[in-house]
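Heads up, the thing below is written out as structure tokens.
Side chains included, hydrogens not; waters and symmetry mates left out as well; all remaining heavy atoms used.
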Amino acid sequence: MAEYGDHESSGNPLETLRHSSAHLLAAAVTELYPDAKYGIGPAVQDGFYYDFDFGKPISEADLAAIESRMRKLAQADIPFVHETLSRRQAVDEFTNRHQDYKLELIADKVEGDEVSVYRTGDFLDLCRGPHVRSTKDLKAFKLLRVAGAYWRGDEKKPQLTRIYGTSWPTPKELEAYLKFLEEAELRDHKKLGKDLKLFAIDDRVGPGLPLWLPDGATIRREIERFIVDEELARGYLHVRTPDVARLDLFRQSGHAQLYKEYMYPPMIFEDGEELELRPVNCPHHIVVYQTELRSYRDLPLRIAEIGNNWRYERSGTLAGMNRVRSFALNDAHIFCTPDQLMDEVRGAIDLALYFSKVLGIDEFRFEVATRDNVKDKWLGDEVQWAEAQGALEEALESMGQLYTVKAGEAAFYGPKIDFQVHDAHRREFTNSTVQVDFQMPQRFDLEYVAEDGTRKRPVMVHRGAAGAMERLFSYLIERYAGAFPTWLHPTQVVVASVRDEFNEYAQKVGAELRKSRVRVLVDTRSERLDRKIRDAKTKKVPYIAVVGSSEVETNSVNLNRRGGERETVSVEAFLESIKAEIAERRR
RNA sequence: GCCCACGUAGCUCAGGCGGUAGAGCAUCUCCUUGGUAAGGAGAAGGUCCCCGGUUCGAAUCCGGGCGUGGGCUCCA
């Protein structure tokens with residue numbers, strides 16, 4: 001979390017500009033709301049924010065006035081002045097201003113007797129800088145929205161009002177950014193999901209419980225077939241296990257204790273039976289592992305399933321298909337020896353990279369989430385952790401992949417690699433993950449018979465190579481703006497007859513394509529061709545095959561491709577080419 | 001869960017300072033047979049999110065819910 005000490009701009013000019021914009025915002029706010037207390041105000045991706053305690057909350061309607069005050073201050077050409085105060089002076093200054101949050105930061109974060117502050121006219125802020133020279137350097141900013149944010153990121157602390165804004169060196173860049181936001185709006189999976197009838201979320205079913213409509217379900221089926229076939233080819237064993245289990249299973253795994261807040265309450269029956277909707281698949285897969293005595297010859301054993309998980313996410317965190325309460329994870333649990341760990345991690349990363357390549361996930365980055373030394377929230381001994389962490393990092397390095405390390409972000413049972421992608425609005429989220437686990441093997445007393453006949457404990461790797469189907473789908477909708485590659489598109493071809501008299505031929509062409517499992521819609525409505533083309537284009541169908549008198553004569557179709565080019569080809573040639581495109585999963 | 005905003009026909013939205021609502025698209029019917037992004041006409045369609053309160057009267061005002069969106073916290 002950004003706090004004094006790490007929210008300062010690094011010297012990157014754009015960050016400096018945005019950080020100065022945050023100060024300008026706070027200066028305007030303190031003029032308009034003299035009782036407002038200010039918290040922190042860093043530069044963030046694409047802009048900045050500042051947190052305030054207004055006493056009583058403000059709303060977005062108030063932003064216009066604040067922004068125009070900012071403009072006024074910007075035009076006034078007020079310099080950003082750096083000063084170093086003694087601790088005593090600083091405390092006096094902020095006490096006079098009733099700035100309790102700043103006083104708290106001075107007490108907690110400032111070491112020594114020197115306190116760095118910046119003055120902008122009457123406004124004084126605890127800050128290391130650097131800043132732009134004058135408010136006049138801030139030429140292109142806009143306030144975007146207000147939000148609640150807990151003081152110092154802590155739910156138990158008071159909630160402040162955060163004002164978000166964006167700031168750019170020139171008005172032209174600001175305009176381009178606002179345009180980008182507008183375009184992101186058009187790609188939004190929630191909007192396109194509705195427009196293209198891919199999925200629906202209905203109050204009567206419940207929040208976070210999406211319904212996959214026929215076209216969405218078609219895309220999901222294609223993705224699942226692709227995933228399962230590829231995993232089978234790579235030595236995974238696909239299983240099917242139930243969405244529920246006795247609560248005791250999750251007591252043994254530790255989820256009932258450590259993961260309780262995300263779990264649905266158990267179903268308790270008259271005879272005392274307690275069944276629990278599973279929040280994760282691992283316990284079921286462990287039971288699969290234990291259906292027989294395993295030998296070292298069986299390892300690595302890779303048990304996979306596109307398994308449904310149920311997590312009672314807090315209502316405020318739900319978001320379209322990206323964050324739901326019931327989702328299908330492309331999950332697998334690899335049981336292996338410590339010696340095999342590296343290769344298995346590499347294999348999992350390689351698979352995730354392959355899925356990404358085929359699905360079109362071009363922009364991503366890796367994060368290695370490790371334990372930190374401060375907290376005692378980690379289970380297991382440090383040597384194991386160090387080994388596992390080393391294996392993860394070495395795997396990435398040996399594959400030439402760059403990564404960042406996030407200390408303290410590991411799962412309680414082991415370190416992990418997260419595969420970070422971002423949506424149309426550049427909001428980042430985890431799609432796939434590779435996690436090393438020493439806890440479950442211990443809790444379930446997993447073992448295998450080693451070469452020397454002794455019983456040994458396997459290591460477990462949890463991995464979701466393509467993530468959850470729901471989240472992946474939300475990503476793909478935005479990635480392609482609904483214009484899915486042919487192999488994924490629910491309607492691969494629309495056959496459009498020019499007039500009713502060609503309907504029969506259109507049906508014949510459609511039937512021909514369908515024989516090869518091409519998904520075809522034959523548009524025989526009594527509408528003009530224009531209309532049929534428009535409707536198909538609106539649905540972003542990759543091929544529109546127009547048929548009229550000349551096509552009937554030559555047994556051909558006139559193809560209107562999504563890219564734009566048009567061409568008359570024989571039905572046979574079209575069929576061959578689209579079959580190849582689908583088989584190769586071309587983008 | 002918390003903060004802010006929003007919730008009117010299947011969809012996108014008007015309207016309404018209190019007198020029970022309107023458009024376009026979609027749907028249905030009829031007419032139209034038109035070669036590459038919306039042919040025409042008509043019909044049908046709404047407990048204005050839900051529950052309370054104020055009022056002669058509430059979609060409109062007030063209160064409480066529920067849901068959605070953007071954030072916070074959390075996370076696949």
Quick test of the criterion, 5.5 Å between centres and less than 30° between planes. Is A:Phe327 stacked on B:rA76 or not?
yes
For the residue pair A:Thr218 / A:Arg221, report whether a side-chain donor-acceptor contact shorter than 3.5 Å exists.
yes
Before accepting this row, confirm whether a basic side-chain N of the pair A:Glu344/A:Arg302 lies closer than 4.0 Å to the acidic partner's carboxylate O.
yes
So, does the side chain of A:Gln159 form a donor-acceptor pair with the base of B:rC2 at under 3.5 Å?
yes
Quick one: is A:Lys191 getting a side-chain N or O under 4.0 Å of the B:rG69 phosphate, OP1 or OP2?
no
Expressed in whole Å, how much space separates the C1' atoms belonging to B:rC4 and B:rG16?
25 Å
Looking across every strand, which nucleic acid part, if any, lies under 4.0 Å from A:Thr161 by heavy atom: base, sugar-phosphate, or nothing?
nothing
Ignoring backbone atoms, establish whether A:Lys416 has a side-chain N or O less than 4.0 Å from OP1 or OP2 of B:rA76.
yes
Would you call A:Asp195 and A:Lys539 a salt bridge, taking side-chain N to carboxylate O under 4.0 Å as the test?
no
Distance check: side-chain N/O of A:Arg162 vs OP1/OP2 of B:rG71, anything under 4.0 Å?
no
What's the closest nucleotide to the A:Arg311 side chain, out of B:rA76, B:rU36, B:rG71?
B:rA76
May I ask you to say what A:Ser550 touches in the nucleic acid, namely base, sugar-phosphate or nothing, with a heavy-atom cut-off under 4.0 Å?
base
Please measure how far the P atom in B:rG22 lies from the corresponding atom in B:rC72, and state the result in whole Å.
43 Å
Can you say whether a donor on the side chain of A:Asp154 sits under 3.5 Å from an acceptor on the base of B:rU73, or the other way round?
no
Looking only at side-chain atoms of A:Ala319, point me to the closest of B:rG70, B:rG35, B:rC4.
B:rG70
Using a cut-off of less than 4.0 Å, is there contact between a side-chain N or O of A:Tyr164 and OP1 or OP2 of B:rC72?
yes
Face-on cation placement of A:Arg311 at A:Phe327 ring, 6.0 Å and 45° thresholds:
no
What interatomic distance, in whole Å, is found between P of B:rC11 and the corresponding atom of B:rG69?
15 Å
Does the base of B:rU33 carry an N or O that pairs as donor and acceptor with the side chain of A:Arg528 under 3.5 Å?
no
Work out how far the C1' atom of B:rG45 is from that of B:rA21, and round it to whole angstrom.
13 Å
Can you tell me how far C1' in B:rC31 sits from the matching atom in B:rU36, rounded to whole Å?
24 Å
Check every strand shown and say whether A:Gly548 touches a base, only sugar-phosphate, or nothing at a heavy-atom separation below 4.0 Å.
base
Is the positively charged end of A:Arg162 above the ring of A:Tyr49, judged by distance under 6.0 angstrom from the centroid and angle within 45° of the axis?
yes
Below the 4.0 Å mark, does B:rC75 have OP1 or OP2 next to a side-chain nitrogen or oxygen of A:Lys406?
no
Does B:rG71 have OP1 or OP2 sitting under 4.0 Å from an N or O in the side chain of A:Arg427?
yes
Quick check: any donor-acceptor pair below 3.5 Å linking the side-chain of A:Asn560 to the base of B:rU36?
yes
Sugar-phosphate only, base, or nothing, as touched by A:Asp500 at under 4.0 Å among non-hydrogen atoms:
base
Gap in Å between the two C1' atoms, one belonging to B:rG18 and one to B:rG57, rounded:
8 Å
Examine the base of B:rG35 for any acceptor or donor lying under 3.5 Å from a partner atom in the side chain of A:Glu551, and report the outcome as yes or no.
yes
Tell me what A:Lys194 touches on the nucleic acid: a base, only sugar-phosphate, or nothing, going by heavy atoms under 4.0 Å.
sugar-phosphate
Looking at every strand, decide which applies to A:Glu470 at a 4.0 Å heavy-atom threshold: base, sugar-phosphate, or nothing.
nothing
